[in-house]
Amino acid sequence: MAQIKAYGTDQARWQGPNGKRGYGRDSFAILQIGGYSPATGIYNQATYPTQLTAMADLRLHTYIWFEVGGDANKAKLVLDYFLPRIKTPKGSIVAIDYEQGASGNVTDNTNAILYAMDRIAQAGYTPMLYTGKPYIYAHVDVARFLSKYPSHLWLAAYPDYKVRSEPLFDFFPSMTGVGMWQFTSTYVLGGLDGNVDLTGITMNGYMNKPDVITVDGYAGQATIKAMQRVLGTIQDGVISGQSKYSAQFAPNFMNIQVANGGSQMIYNLQQVLGVQADGYFGPATIAALQARLHVYPDGYAGASTVKQIQANLNRGHIIIE
């Protein structure tokens, strides 16, 4: 029997803006960023940014609905669109969901899938193929796929639709290359996909990560240095050149220097936010940042605002959209 390394879920719009939880042991979630289907074209999943925020305590990964059949040109359009928009860490899983819309040409289907897997790997992520065992054998050159990606299959196979918190290995989709198994769509009452990581692949992107910031609501030197790194300025851990007026709106930022001239980090942040760029971290800038953080935009950078910044910084960004 395969050894279970970790339990987790996958999430789409059906699980709501904050996602749906399974069990306390769950350590990862795979979130749908969007996808492509012939009926809709390329589409974004509105729940992706909010689930990234709400489920930030888990190892988060990304998946793309990939109904391109055997069309390599459509595959390119999909990857060109979504790869720059992925907000999970480099090294993390980016899976393509290939369970519908395959063409009648096995070679073309395989070419489109391998093209996507290669693009994901080249972008610095861990590619995975989500599908079912009967589907992949019907529509993909399995030997060719496994020769290049020997442990990158995420297969779905369920015994039934009863609530199941543990996999029944009598129904495991036995074949080479299975890194993860979606063993139920009713992990909890009301429905939720339950998955087990069989190889440790869901640790990708989360191993040996330096400078993890404590999410405590207080922006000290480590938090400010991380903001400076993301915004491309000198990393001294100080927000320099702030007026007494602007400083009063950021009480949970511990290292603010009251002086003249503004801060280059704040200036760069203001350019990202599209507000007046003067280098001062005042209420208008803070409210614009809060709106992008999905925090109530009261113009006052307290603990809830700082916690969201810290959670995002631990995934390599300040703003997650």
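These figures come from a predicted structure and were not determined experimentally.
Listed for the N252 side chain is no donor-acceptor partner under 3.5 Å among the backbone atoms of V306. Using a distance-only test at 3.5 Å, with no hydrogens or angles considered, a donor-acceptor pair links the side chain of R59 to the main chain of T202. The main-chain N or O of V238 is found under 3.5 Å from a side-chain atom of Q228 such that the two form a donor-acceptor pair. In terms of modelled atom types and a separation under 3.5 Å, the side chain of Q51 and the main chain of A12 share a donor-acceptor contact. At distances below 3.5 Å, at least one donor-acceptor pair connects side-chain atoms of H61 with backbone N or O atoms of I93. Of the possible donor and acceptor atoms, one in the side chain of N109 sits under 3.5 Å from a partner among the backbone N and O of H139. For the pair N312 (side chain) and I318 (backbone), a donor-acceptor distance under 3.5 Å is present. Although no hydrogens or angles enter the test, the distance criterion places no donor-acceptor pair under 3.5 Å between the side chain of T186 and the main chain of G191. Listed for the Q290 side chain is no donor-acceptor partner under 3.5 Å among the backbone atoms of T285. In this structure a side-chain-to-backbone donor-acceptor pair under 3.5 Å is present from Q310 to D216.
Between G8 and Y187, the shortest heavy-atom distance links the atoms O-CE2, 4.5 Å. When all heavy atoms of M175 and L155 are compared, the pair lying nearest together is SD-CD1, 3.5 Å. A pairwise comparison of heavy atoms in L273 and I319 identifies CD2-CD1, 3.7 Å as the closest pair. The nearest pair of heavy atoms linking A247 to V258 is CB-CG2, 4.5 Å. Summarising the geometry of A116 relative to I96, their closest heavy-atom pair is CB-CD1, 3.9 Å, with the distance given to 0.1 Å. In terms of heavy-atom proximity, G205 sits nearest to P89 at O-CB, 3.7 Å.
Using a 4.0 Å cut-off between a side-chain N of Lys or Arg and a carboxylate O of Asp or Glu, R144 and D141 do not qualify as a salt bridge. The pair K133-E99 does not meet the salt-bridge criterion, since no charged nitrogen lies less than 4.0 angstrom from a carboxylate oxygen. Residues D57 and R21 are paired through a salt bridge, judged by an N-O separation under 4.0 Å between the basic side chain and the carboxylate.
For the residue pair Q45/Q32, the side-chain donor-acceptor check at 3.5 Å is satisfied. Between the side chains of S151 and T199, no donor-acceptor pair is found at a separation under 3.5 Å. Remark: the Q264 side chain and the N268 side chain contain an N/O donor-acceptor pair separated by less than 3.5 Å. Residues T110 and T107 bring no donor and acceptor atom of their side chains to less than 3.5 Å of each other. For the residue pair Q182 / Y158, a side-chain donor-acceptor distance below 3.5 Å is found, with atom types taken as modelled. A donor atom on one side chain and an acceptor atom on the other are not found under 3.5 Å apart for Y63 and Q11. In summary, the side chains of D97 and W154 do not present any donor paired with an acceptor at a separation below 3.5 Å, with no hydrogens or angles considered. Looking at T47 and R13, their side chains never bring a donor and an acceptor atom within 3.5 Å of each other. When only modelled atom types and interatomic distance are considered, T9 and D193 share no side-chain donor-acceptor pair under 3.5 Å.
At most 12 heavy atoms of other shown residues, nucleotides or ligands fall within 6.0 angstrom of atom CD1 in I234. In this structure, Y218 places its OH atom where only 12 or fewer heavy-atom neighbours from other residues, nucleotides or ligands lie under 6.0 Å away. Counting heavy-atom neighbours within 6.0 Å of N260 CG, excluding the residue itself, gives a total of 12 or less. The environment of OH in Y81 is crowded: more than 12 heavy-atom neighbours from other residues, nucleotides or ligands sit within 6.0 Å. The number of heavy-atom neighbours closer than 6.0 Å to OH of Y296, taken from other residues, nucleotides and ligands shown, is 12 or below. Counting heavy-atom neighbours within 6.0 Å of K20 NZ, excluding the residue itself, gives a total above 12.
Expressed to the nearest 0.5 Å, how far CE of M227 lies from CG of L269 amounts to 6.0 Å. Of the inter-residue distances, the one linking I120 atom CD1 with T126 atom OG1 reads 10.0 Å to the nearest 0.5 angstrom. Remark: N18 CG to M55 CE distance equals 9.0 Å, nearest 0.5 Å.
Of the listed residues (Y245, Y267, F253, F249), just one forms a ring pair (Phe, Tyr, Trp, His ring centres under 6.0 Å) with F281, and that residue is F253.
For Y98 and W65, the ring centers sit 6.0 Å or farther from each other. Outside the 6.0 Å centre-distance limit, the rings of Y130 and F66 are not counted as a close aromatic pair.
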- [ ] Verify side chain to side chain contact (heavy atoms under 4.5 Å, CB included) between K148 and M117, making sure each step is shown before the conclusion.
- [x] CA-CA 10 Å; K148 191 161 192 180; M117 299 284 284; over 6 Å; no
Open item on the list: Determine whether Y206 and F28 satisfy the following criterion, side chain to side chain contact (heavy atoms under 4.5 Å, CB included), listing intermediate values before the conclusion.
Closed with: CA-CA 11 Å; Y206 293 89; F28 70 88; over 6 Å; no
Open item on the list: Checking K307 against V295 for the side chain to side chain contact (heavy atoms under 4.5 Å, CB included) test, could you report, in this order, the C-alpha distance in whole Å, the side-chain angles of both residues, the deciding distance, and whether it holds?
Closed with: CA-CA 10 Å; K307 282 181 178 180; V295 174; over 6 Å; no
- [ ] Determine, step by step, whether I224 and I256 satisfy the side chain to side chain contact (heavy atoms under 4.5 Å, CB included) criterion, reporting the C-alpha distance in whole Å, the side-chain angles of both residues, the deciding distance to 0.1 Å, and the verdict.
- [x] CA-CA 10 Å; I224 295 169; I256 292 181; 5.8 Å; no
Open item on the list: Go through it in stages, so that I can follow the logic: the residues are T40 and S37, the test is side chain to side chain donor-acceptor pair (under 3.5 Å), and I'd like the CA-CA distance, side-chain angles, deciding distance and then a yes or no.
Closed with: CA-CA 5 Å; T40 63; S37 75; 2.9 Å; yes
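Y149 and H152 have perpendicular rings, their planes meeting at more than 60° on a 0 to 90° scale where under 30° would count as parallel. Relative ring orientation between F169 and F172 is described as tilted, the plane-to-plane angle lying within the 30° to 60° band.
L129 and I33 fall within the same hydrophobic cluster, where Ile, Leu, Val, Met, Phe, Trp and Tyr residues are linked whenever their side-chain heavy atoms come under 4.5 Å apart, directly or through other members.
With a 4.5 Å cut-off on side-chain heavy atoms, S243 and Q248 do not count as touching. Counting heavy atoms from C-beta on, the side chains of Y48 and L52 come closer than 4.5 Å.
A cation-pi contact, defined as under 6.0 Å to the ring centre and within 45° of the axis, is absent between R85 and F82.
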